[in-house]
Amino acid sequence: MRILPATLLYTLLFLLVSLIVIKNAEKLFFDPNKYGQVPVGLVMPLDSDRNKFGLKLVQDMQSFREAMDIRQYDTEEAGKAALDASEITALILIPDDFVDAIYRNENKPIRIIFRENNTLEEHIINDLMLSSANMLGTSQAASMSVKALGESVGVDPELTAKVIDTLESYYFTYIIGRESLFTKKSFDSLAGLSLKEQLAGSYGLLVLSFLCFILTAFYQGKHPAYQIRQKCAGVSRLGIGISEWISTVVLLYAAFLLVFFGFTIAKLGPKPTALIMILPVLMILGLFILLLSYSVHSPVYSNLAILVSIVLLMYLAGGLIPADFLPKFLQDLCKWNPVSWLIHFTQHVLF
């Protein structure tokens with residue numbers, strides 16, 4: 001009872017800070033209402049029907065329409081001038097007779113010139129161009145295979161050419177309509193929980209974990225007469241440990257009630273079943289607090305251990321920043337961090 005007011009006060013302070021972060025989560029991580037196309041310059045001779053068809057093909061592809069603002073220039077010099085003026089992020093230079101060269105199995109590479117910025121926009125353009133190159137290469141390989149097969153079995157060249165034209169028509173139609181092969185999923189549907197719910201679950205656990213600072217100090221500053229009275233009353237060392245564990249869980253549960261009602265007032269919608277299902281989490285956290293209290297006797301070192309263990313382990317478990325927003329190598333670490341399982345359990349218990 002003596003430590004309860006301080007426990008609730010600490011919980012309230014951490015909860016208020018957490019709610020500010022949770023309510024502004026989308027603004028902190030991304031702007032869901034803003035999407036900007038990458039301005040890209042294109043120099044492509046349109047003196048052949050195949051080149052015109054190729055340009056129309058690119059313009060009709062949904063991935064290019066959504067990601068790129070394609071601006072056509074008549075000459076390479078005009079495109080480079082726009083690149084120098086930062087009007088475009090990259091300049092794509094397509095050689096003469098490029099599309100016809102594909103069908104003749106000739107190599108006329110496309111040149112891409114970037115500004116010296118090394119941004120995400122460059123990676124977007126690179127990925128799209130590599131994807132297109134793979135699709136064109138597949139089309140070329142299929143056409144060459146049909147042509148080689150026709151020559152090997154002595155098929156009329158005109159008939160082979162018709163088969164190749166039909167094959168290419170089907171293939172390009174397939175490329176243009178390939179977005180129908182995929183189902184679009186939002187971040188929320190992929191993660192199972194919304195960004196706010198993920199942060200609320202992990203930050204709720206973080207708020208309870210920060211109580212280690214006050215609870216470990218309480219147990220480390222406990223007067224020896226307490227244990228002497230317990231032993232005189234016939235309570236064993238194990239019994240004392242169990243009673244302290246139960247008391248710690250009760251204090252944590254009181255703090256969780258404050259967190260739960262804070263989330264309810266903030267209209268985050270925690271599930272009522274969380275009032276019961278959260279108990280395993282509190283039991284694990286209570287055991288961690290007691291082990292830390294009696295394994296590290298110095299308050300300075302115990303506070304350092306708390307800070308490092310909570311902040312570092314929570315960060316490497318996707319508790320501070322959702323794992324989906326972390327670099328790939330940190331996402332791999334999250335999978336091996338046992339704290340991530342505790343975070344996921346807490347998130348799905350609450351929401």
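Excluded from the calculations below are hydrogen atoms, water molecules and symmetry mates; all remaining heavy atoms, backbone and side chain alike, are included.
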field: Nearest non-hydrogen partners of M314 and L206, listed with the distance
entry: CE-CB, 3.8 Å
statement: On a heavy-atom basis, the closest approach of L320 and L199 is O-CD2, 3.9 Å
task: Find out if a path of hydrophobic residues (ILVMFWY) with successive side-chain heavy-atom gaps under 4.5 Å connects L291 to W245.
output: yes
- prompt: Taking all atoms of both residues into account, what is the closest heavy-atom pair of L8 and L258, and its distance?
  reply: O-CD2, 3.5 Å
- prompt: Distance from I3 atom CD1 to L251 atom CG, nearest 0.5 Å?
  reply: 7.5 Å
statement: When rounded to the nearest 0.5 Å, the distance separating CD of Q347 from OH of Y203 is 11.5 Å
field: Hydrophobic cluster (4.5 angstrom, side-chain heavy atoms) - remaining members for I265
entry: none
query: Under a 4.5 Å side-chain heavy-atom rule over Ile, Leu, Val, Met, Phe, Trp and Tyr, are L252 and L13 clustered together?
result: no
query: Would V281 and L205 satisfy side chain to side chain contact (heavy atoms under 4.5 Å, CB included), going step by step from the backbone distance to the final call?
result: CA-CA 9 Å; V281 176; L205 181 61; 3.6 Å; yes
task: Supply the atom-to-atom distance K196 NZ to I22 CD1, rounded to the nearest 0.5 angstrom.
output: 9.5 Å
task: Would you mind reporting whether V339 and I343 have side-chain heavy atoms less than 4.5 Å apart?
output: yes
query: Is the CZ atom of F288 crowded by more than 12 outside heavy atoms at less than 6.0 Å?
result: yes
query: Counting distance only, does the side-chain N/O of K335 pair as donor-acceptor with the main-chain N or O of S340 below 3.5 Å?
result: no
message: side chain to side chain contact (heavy atoms under 4.5 Å, CB included) for F256 and T11? Distances and angles first, verdict last.
response: CA-CA 8 Å; F256 173 74; T11 304; over 6 Å; no
Distance in Å, F345 CZ paired with M277 CE, rounded so as to fall on 0.5 Å steps: 4.5 Å
query: Under a 4.5 Å side-chain heavy-atom rule over Ile, Leu, Val, Met, Phe, Trp and Tyr, are F261 and L9 clustered together?
result: no
task: Tell me, please, which residues at least two apart from D332 pass side-chain hydrogen bond (donor to acceptor under 3.5 Å, both in side chains).
output: K328
- prompt: Which distance, rounded to the nearest 0.5 Å, do you find between the CG of L12 and the OG1 of T7?
  reply: 12.5 Å
Distance-minimising heavy-atom pair for T346 and G201: CG2-O, 3.6 Å
Side-chain cluster (under 4.5 Å, hydrophobic types only) that V17 belongs to, other residues: none
- prompt: Are R71 and E87 close enough, and set up right, to give a side chain to side chain contact (heavy atoms under 4.5 Å, CB included), and what steps lead you there?
  reply: CA-CA 10 Å; R71 305 175 184 180; E87 296 176 1; 4.3 Å; yes
query: For L304, what residues pass the side-chain contact (heavy atoms from CB on, under 4.5 Å) criterion, not counting sequence neighbours?
result: V308
query: Out of curiosity, does L275 fall in the hydrophobic cluster containing L15 (side-chain heavy atoms, cut-off under 4.5 Å, transitive links)?
result: yes
task: Take Y73 and I88 through the side chain to side chain contact (heavy atoms under 4.5 Å, CB included) test and state the conclusion after the steps.
output: CA-CA 11 Å; Y73 297 92; I88 55 178; 3.8 Å; yes
field: T75 side chain reached by V43 side chain, heavy atoms, under 4.5 Å
entry: no
statement: Connected to I242, directly or through other members, by ILVMFWY side-chain contacts below 4.5 Å are L238, I246, V250
query: Closest heavy-atom contact between L215 and S293?
result: O-OG, 4.4 Å
query: Are the side chains of L268 and L19 in touch, meaning some heavy atoms are under 4.5 Å apart?
result: yes
Minimal non-hydrogen separation, A317 against C334, with atom names: C-SG, 3.8 Å
task: State yes or no: do L287 and L292 share one hydrophobic cluster built from I, L, V, M, F, W and Y residues joined by side-chain heavy-atom distances below 4.5 Å, directly or via other members?
output: yes
task: Keeping to residues at least two apart or across chains, list the side-chain hydrogen bond (donor to acceptor under 3.5 Å, both in side chains) pairs with something in residues 246-255.
output: Y219-T248
- prompt: Is there a donor-acceptor pair under 3.5 Å between the side chain of K80 and the backbone N or O of L91?
  reply: no
statement: Interatomic distance, NE2@H348 vs NZ@K271, rounded to 0.5 Å, equals 8.5 Å
